[in-house]
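Order of the sequence lines fixes the chain letters, A, B, ..., with proteins taken first and strands second; residue numbering starts at 1 for each chain.
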Protein chains: 2
Amino acid sequence: MKALLGGKGAGLAEMTRAGLPVPPGFTITTEACREYFAAGGVLAPDLLAEVDAAIADLEARTGKRFGDPANPLLVSVRSGAPISMPGMMDTILNLGLNDAVADGLARLTGDARFAYDAYRRFIQMFANVVLGLEHARFEAIIEDEKRRRGVETDPELPAEAWQAVIREFLALVEKETKRPFPTEPREQLVLAIRAVFDSWNNLRAIVYRKLHKIPDTLGTAVNVQMMVFGNMGDTSGTGVAFTRNPSTGENVLYGEFLLNAQGEDVVAGIRTPQPIAALREVMPEVYAEFERIARRLEAHYRDMQDIEFTIEKGKLYLLQTRNGKRTARAAVKIAVDMVKEGLIDEREALRRITPEMIDQLLHRRIDPNAPRTVLARGLPASPGAATGIVVFDADEAEARGKRGEAVILVRPETTPDDIHGLAVAQGVITSRGGMTSHAAVVARGMGKPAIVGAEGLKIDLEAETFRAGDVVVKKGDVISMDGATGEILLGAVALVEPEPDPEFETLLGWADRFRRLGVRANADTPEDAARARAFGAQGIGLCRTEHMFMAADRLPAVREMILAETPEERAAALEKIRPMQEEDFYGIFKAMAPYPVTVRLLDPPLHEFLPKYEELLLEVDRLARDPQADPARLQEKQAFLRKVRALKEENPMLGLRGCRLGILYPEVYAMQAEAIFRAAFRLRQEGVPANVEIMIPLVGHANELARLREVVDAAYRKVAEAFGAEMPYLVGTMIEVPRAALTADEIGRVADFFSFGTNDLTQTTLGVSRDDAEGKFLHVYVEEKILPDNPFVTLDTGGVGKLVEMGLRLGREANERLKVGVCGEHGGDARSIRFFHGAGLDYVSASPYRVPLARLAAAQAAIEAEDAAREEKVAGAGSSGM
Amino acid sequence: MKALLGGKGAGLAEMTRAGLPVPPGFTITTEACREYFAAGGVLAPDLLAEVDAAIADLEARTGKRFGDPANPLLVSVRSGAPISMPGMMDTILNLGLNDAVADGLARLTGDARFAYDAYRRFIQMFANVVLGLEHARFEAIIEDEKRRRGVETDPELPAEAWQAVIREFLALVEKETKRPFPTEPREQLVLAIRAVFDSWNNLRAIVYRKLHKIPDTLGTAVNVQMMVFGNMGDTSGTGVAFTRNPSTGENVLYGEFLLNAQGEDVVAGIRTPQPIAALREVMPEVYAEFERIARRLEAHYRDMQDIEFTIEKGKLYLLQTRNGKRTARAAVKIAVDMVKEGLIDEREALRRITPEMIDQLLHRRIDPNAPRTVLARGLPASPGAATGIVVFDADEAEARGKRGEAVILVRPETTPDDIHGLAVAQGVITSRGGMTSHAAVVARGMGKPAIVGAEGLKIDLEAETFRAGDVVVKKGDVISMDGATGEILLGAVALVEPEPDPEFETLLGWADRFRRLGVRANADTPEDAARARAFGAQGIGLCRTEHMFMAADRLPAVREMILAETPEERAAALEKIRPMQEEDFYGIFKAMAPYPVTVRLLDPPLHEFLPKYEELLLEVDRLARDPQADPARLQEKQAFLRKVRALKEENPMLGLRGCRLGILYPEVYAMQAEAIFRAAFRLRQEGVPANVEIMIPLVGHANELARLREVVDAAYRKVAEAFGAEMPYLVGTMIEVPRAALTADEIGRVADFFSFGTNDLTQTTLGVSRDDAEGKFLHVYVEEKILPDNPFVTLDTGGVGKLVEMGLRLGREANERLKVGVCGEHGGDARSIRFFHGAGLDYVSASPYRVPLARLAAAQAAIEAEDAAREEKVAGAGSSGM
């Protein structure tokens, strides 16, 4: 019923049916809201008639009447979206009051102060929410009145003071709106309903929906409910409570209440509420009833509840209950506890944890108990917390970072030119950009905190300062940031390391039982391999070898190899690199044994190992123009420039790289294969069961793989002979250009395994270079909904996904023992993992820190698929019984 | 039978059956050759036994005997490949001679001179072909003998002189091979058969096969045939004749003969033969018989024949007949004439003309009658002839070309950096590279002559000279070239303009009747449009608009547009460009009306319109280091550099271009659409039925097209309102990234047409940047047979073709009225056109000069498909009758 009645309406209906003490009322459906918008913002006559009938019914049920001073019906009017959007929609309380009714209420309750206070509250809210007048102008009138009477707080004001305030409120409304305040309760109600509908499209609501991917078309319901009053003296009160601690998950009532107050006092924070436990002292029976109801609600909803309640003269009313928001830590503990308590089963526990929660739990956070000065808030683009000195320039970030300083890079936005700065920074903050901006994407990729779109920061790059409100922060000042919350804090704030509760491991253990997909890690070093293993990875799906080539001690030999003019020179250079590569592989195989390690042979274009073309160009130009320059040096540099220019490419992504290098320079791949086999044989001699898979990158035609497979097999035979032993190994390929997927039957015949390189496959299938697209046009595409998601974060199932399915099908048809995985970044994205599960892949491979997330997401995908299959079976059984 | 007996063997068998005067003999099959290679170069005992039996049979039929001095059997041994490979294989004549047989032959014929001449010829050939001794060493002995006897020519030498020569020959062979010359006829035969088999793998044969894409596995047959002698006095002779003129196609016997000579005298050009017509005077009966036989052969083979014949003492023997090689011009005339003569039908005529011939006929040639000095020969990479001064540098070529000088660019090889030089050169010659090298591909694309891999040219770039044999050509010297033959000629040589015979038009007229595919042209200017129309194009399939942006008078406004900081500034710049664009479209629509013109909106990355980044970088660096530089100018340049750097991309092919520009700057596309509609409405007001199709480039998601279609439609409504009129128009998209093909159903719903941009689709599907691949690794891929063809020349049907088929199917499923064409370069490639026909496309679009080729290829594809369908039907009828 949520879609029709909204979350609140459905909850109220359910609680009413369950016999819980809920104030009576009715709900106007989301359908009416959609009709209202469809009609261009006009309430249909039908709807108005139904509202009148519902009011009449409510009057009959409560004995109270709209506008009747003798026994007036007052109602609350609240929005209720189908998906909870806390704080986003507006609420009006005490609707139905006017001068006469207020007087009547005063007589009826014998509490004039309460009646006029309620009346003034109503005027104030209605004027604000329905008529659009500023809250502050009403508060100013109250402040004046308090000053005039020499009192400090609102409750000290007597009834006649509120009556004076009311007169001024009504005059203010009439002056500002050029019309008297509406005194007819029905008119008030109709205006309020319109205002709730209209609030669906207020800016906060739109932003919230965009952020949470809630469709704009749902619309909101309106809940009209009899008012109950927590401000009817000291046996009245109001409060909010969670059935468990939403921060830690501990199984105790958690919340707060205020005696003699309306709900908005709690929310507004005007008075300091007491902890819920204190209610036990004040009203033991009410507390006991509340506790009983809380348990019942938890048992009913099988989840932790967030309950709003009011006590009117000792009688408890539940105003609302909903599944409570909670931290990642609490979510995991509550889910695991509830399994132990028998409330839910393991599947349900796994369903309830979002993969993002798992991600959060593995990052540092700001100590929740530390004092803090929040400078600004931005979008929480990448979780984790950091403290460091502010730097405004990527070069300086790099320089200081390399000196061991902890820096936070602050930029209006970042571009690919800033990568080197990002790489050493503790975190990055940008004042512009969204969740798919360059900084956000890169930081997530690097697993470091990022806050983007922090518009409150006014950055002055010239002066190297930023202003946040009144505070000016200079380069070198210390700030802290929490990428999980988007908070930017002044100074160093205590951080807490991620220390997952034991429940975290319990949950992931369950996930492993349910998932069908294997989970591996992308790791290039023994350290990464060990970390991945600790996080539960069962193998390495992608071990890149180019980082090994980049190491400072190897670069000279690598350059020698590239600049070699003859195969002999190249061979000599390769001989220098081979032993180093062998040690790399030795360490990685050892850390991961007996699980498989998929080593990708050299992939990137060779010019990546050479000095930058632009730098050389300038150097040569300067030497050429310097009369004192050494001509020999100039000549040497010129020759070098020529070589670099010859290797320069228009579109390096699509140039001489991957297996094309292997075809042109088979000796490079032969060297790598030898190093791999030597390392593996040495380990096996030491009793360590190294498990080798060799991956040929960028294959587009089966002939490429067939040819290079021969190179690898020849290297194996050579090494096996030298060791006088044999070992099994696999040779496979990345599927990362569309042609490979389209001809996967041919390629499958010469491959032992496929690994979908979905990063490059996305680039080629969409014809989009990630480096050039993110921050240039891709964010516009996502914001303007031309694309549903950033396809480099979540797999483009409609396009790239088709190729994945086709490649898998053709490959398996040709080779039924073909092992198939994915090693693009999508292997660590929950929604993509769901797709890979459905497609039938054998495993996903993700960066080490995403491994736990992948384990959970894989389990969820399996459970979802089982659920769907079960539903289908039930539906099938139903239809066959017809 | 060709596959088994080879071309010659099958022809001989056929002629024998037809009762034509063929010397008796037998054929050893290609199968035997394949078995020989399979056995590692050993003749199977079975084969030897069969050869013996065949010889015995031949002896019985002719009454002559191997090695019998009284009546010796002499045979010729020739190779015969299944596909004619003229001049590639070796031949041995007069096999069976030894001292005794030669003496016997002398006695038997009473012509000792002839007998010993035949013997010495045999020794010479056998020693050369079978034993590998150099021909020249034997010629030297003859020259010595002639000098000794004071005569000039071979025929002047008497018998005893030849006997002396023979003694020296035999001594030479024994000295060099350390074994006596084999005197046993059977041993001679076996050695000769082996030599023929081995010659299948000689270098010339391998190169020829590679060039003509003949599989290496076919193998050759061996034809053993009784010798007949054209050198038995003045009633003997030998010759070669075509049944029609192979150069012009004229229907007259064409050929030459030599009296009293063996075939090799004609081939070697030692004596000058007489034209065939002269035979009529010398031996009228023989001529009449030959003419009769020639007609009969033509009628039998239904094609022009190339006939080798010998007259032995007044008796005519046919040695060989085969379909004659002919020029493109002759091929067209012969085919059309034969239709008129009722020998073949129009389908057959169309089948016989290769698309390459059509291409050749549209290019200038070297005047075949002009005297010439051939400097060197290379691969005929792009047809056409040119004369110009030699230039070794692309920059100089550009400078001189722009001054109006005719230049030929000569380089070891070209790279993308040389494009500007290629663009203005008359032709290009490279000393390295193959048919798929950069120079070859680019020149073909530009329709200008190219010769590549001319290894005889020794280029010295420093000295700016090249050496060819003894000739040194300096920069500025004049040379000529013929890209259809690969000849490089010294000096200016007369060229002839292409003036196709009337038969050319007749043939293409037939083609138009048979083809189903439409043929359009890619054209960006009114001139190109008019040319395309003259060549038979029925519309423009791709009218690029970026060239219009590049024009010198527009570039300032275009740069203003690009550098605009606000939409208003951009709008102002666009207002300057709009009227110019309007005039462009006006001219093109007018030239092509009423046929459709598909205008592609702006596609390339914006930085293509800005100065080169490297140049600016250097300029700024120099200004910054120059103390006298104007600081304002430096600042301005720095700002400009920043903008250019911001627009610089890692992989421009996959960056901000195509419809992505339109999404980010809809005002640019709106301007173009307005200019298009204004031009079309103006023409329509003038009574010219402009036919407009607007194409959105690089669409990958239906949303892109939907969004930009709105921009175009809005522009239409605006212009239509201003003109107070309406007109039909189509909006469609290029399918040039894999995702577009994969989601063609979604895109088809918002498109009126698709045009497969197979250039970019090939780049993205294969993950290969053409600029970076050709000349860097693609040629290696083709040479080493990793890829069957250059996928940018002939469509990769296994990969890209799958996407074309998928895109077509999905698109038509979603929108049955979808018009689908192709506008990549493949639209002008015959084999690709065959694929497009089969896939069911509506049209292909090619560069204007390739339009006639496309018309023919489309007809051939249609005929082939009909043939295949008919065969299937026949086969089907056969099986149903069983």
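Interface remark: Leu664(A) contributes side-chain atoms only to the contact with chain B (heavy atom separation under 4.5 Å). For Ala646(B), the part sitting under 4.5 Å from any heavy atom of chain A is the backbone (N, CA, C, O) and nothing else. The contact between Val780(B) and chain A is made entirely by side chain atoms (from C-beta outward), counting heavy-atom distances below 4.5 Å. Heavy-atom distances place the side chain of Arg625(A), and not its backbone, under 4.5 Å from chain B. Heavy atoms of Leu647(A) lying under 4.5 Å from chain B belong exclusively to its backbone. Both the backbone and the side chain of Lys648(B) come within contact range of chain A, with heavy atoms under 4.5 Å apart.
Contact detail for Val644(B) and Pro611(B): the closest heavy-atom pair is CG1-O, 4.0 Å.
Per-residue heavy-atom pair counts under 4.5 Å with chain A were compared for His701(B), Arg660(B), Lys802(B), and the maximum is reached by Arg660(B). In terms of heavy-atom pairs under 4.5 Å with chain B, the best-connected choice from Leu698(A), Thr743(A), Leu656(A), Val800(A) is Leu656(A). Counting heavy-atom pairs closer than 4.5 Å to chain A, the top residue among Thr765(B), Val737(B), Ile663(B) is Thr765(B). Listed options Gln763(B), Arg657(B), Glu784(B) were ranked by heavy-atom pairs under 4.5 angstrom with chain A; first place goes to Glu784(B). Across Leu787(B), Asp760(B), Asp796(B), the residue that shares the most heavy-atom pairs under 4.5 angstrom with chain A is Asp796(B).
Under the 3.5 Å distance criterion, with hydrogens and angles disregarded, no donor-acceptor pair is assigned to the side chains of Tyr613(A) and Glu614(B). Side-chain polar atoms of Thr794(A) and Asp789(A) form no donor-acceptor pair below 3.5 angstrom.
To the nearest 0.5 Å, atom CG of residue Asn790(B) and atom CG of residue Leu778(B) are 4.5 Å apart.
Remark: side-chain polar atoms of Thr764(B) are not paired, donor with acceptor, to backbone N or O of Gly767(A) under 3.5 angstrom. Listed for the Asp745(B) side chain is no donor-acceptor partner under 3.5 Å among the backbone atoms of Ala814(B). A donor-acceptor distance shorter than 3.5 angstrom exists from the side chain of Asn651(A) to the backbone of Met653(B), with no hydrogens or angles considered. A distance-only check finds no donor-acceptor pair linking the side chain of Arg432(A) to the backbone of Glu413(A) [under 3.5 Å].
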